[in-house]
Amino acid sequence: MKKNTDTKLIEKILQLKEEKDAIILAHNYQRGEVQDIADFVGDSLGLSRETEELSCKMIVFCGVRFMAETAKILSPDKVVLLPSKEAGCPMADMITKEKLMKIKTEYPDAKVVSYVNTTAEVKAESNVCCTSSNALKVVQNIDAEKIIFVPDRNLANYVSKFTEKEIIPFNGYCYVHDRIRGEDIKKAKKIHPDAVVLVHPECRAEVIELADEVTSTGGMIKSAKKSKAKKFIIGTEEGLIYRLKKENPEKEFFTAGPALMCHNMKLTGLENVYLSLKEKRYKIEIKDEVQKKAKKALDRMLKYI
Ligand code: 13P
Ligand code: SF4
């Protein structure tokens, strides 16, 4: 029964997509059925780059708000839609413009690197943005020895291990990644001793220490494809496992311990993608002045990589 409804909805989505000259982008953590109807599935960096290349009129961004905002900042002339109004990123909301302005006055000689998991307003007050796949490159390239790094304390800590520069971290974190403990990885390795451990840099240092590779969700997709190994322990949100299995049916993927689900990433389903296209909702709007300033920070990032 559900399959039939899905097939009908998918047909309607594809038809509307054509009529409205729209492209569907989906983050790697999206539900399987949403990944399956997307034109592009990727990590934050991959999707940002994709946005810039697109010649369509409309982008339906299946992900969380900061990702759709990033698309709008990079492509202000396109209509950018977020199918679920409530899909936010709790980590992005931990740092506000006001909090960042206060930190900037405390460290007047520092420059600000903000993770893309931030609001447009925070990006606008940053010197440069970064994603999980280019954070170190951005820090190395920016013309400053002192860097305020917002909002993820774990990513800041990870980057600080590879640079002489002074990193001033903000105390934000992702509730999904931060709950993985070293013990979880040890247990998973005991059960699957021949598995390769891939973890996201939003994880705690104790988890990163036990990993074979620390990389973005897009990096995990590439590594699993390239690797000769047959088993992998995945230290990130479990939506990624859907894509990993789909692209590598002969390999096995296991979550690193507890259920790792980002509830916000799961708010988007076929029904709200359909309504989004049909009713042009929910439109991302960013004030001109904020968009221009935030774009500078994103463009600098894209220039460094
Ligand atoms: P990626 O850029 O690695 O896909 O990460 C985005 C994110 O929200 C991680 O929690
Ligand atoms: Fe934000 Fe974490 Fe969800 Fe990524 S997984 S969107 S960082 S809450």
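Note that ligands are numbered from 1 as they come in the structure, with each ligand's atoms numbered from 1 the same way.
By the 6.0 Å contact criterion, NZ on Lys296 is open, its count of non-hydrogen atoms from other residues, nucleotides or ligands being 12 or less. Taking a 6.0 Å sphere around OH of Tyr242, one finds it holds more than 12 heavy atoms contributed by other residues, nucleotides or ligands.
Side-chain contact, Asn141 with Lys137: no donor N or O sits under 3.5 Å from an acceptor N or O. In this structure, a donor-acceptor pair under 3.5 Å is absent between the side chains of Ser216 and His200.
Scanning both residues, Thr70 and Val116, for their nearest heavy atoms gives OG1-O, 4.5 Å.
With Asn28 as the partner, the side chain to side chain donor-acceptor pair (under 3.5 Å) test is satisfied by one option alone out of Glu237, Arg243, Gln35: Arg243.
Excluding waters, the protein N/O/S atoms found under 2.8 Å from atom 2 (Fe) of ligand 2 are Cys174 SG.
Residues of the protein with a heavy atom under 4.0 Å from ligand 1 are His27, Tyr29, Asp43, Ser44, Asn117, Ser132, His177, His200, Glu202, Ser216, Thr217, listed by chain and number.
Taking hydrophobic clusters as Ile, Leu, Val, Met, Phe, Trp and Tyr residues chained together by side-chain heavy-atom distances below 4.5 Å, Leu47 does not share a cluster with Val34.
At least one donor-acceptor pair under 3.5 Å links the side chain of Asp212 to the backbone N or O of Val197.
The cationic atom of Lys245 (NZ for Lys, CZ for Arg) does not lie both less than 6.0 Å from the six-membered ring centre of Phe253 and within 45° of the ring axis.
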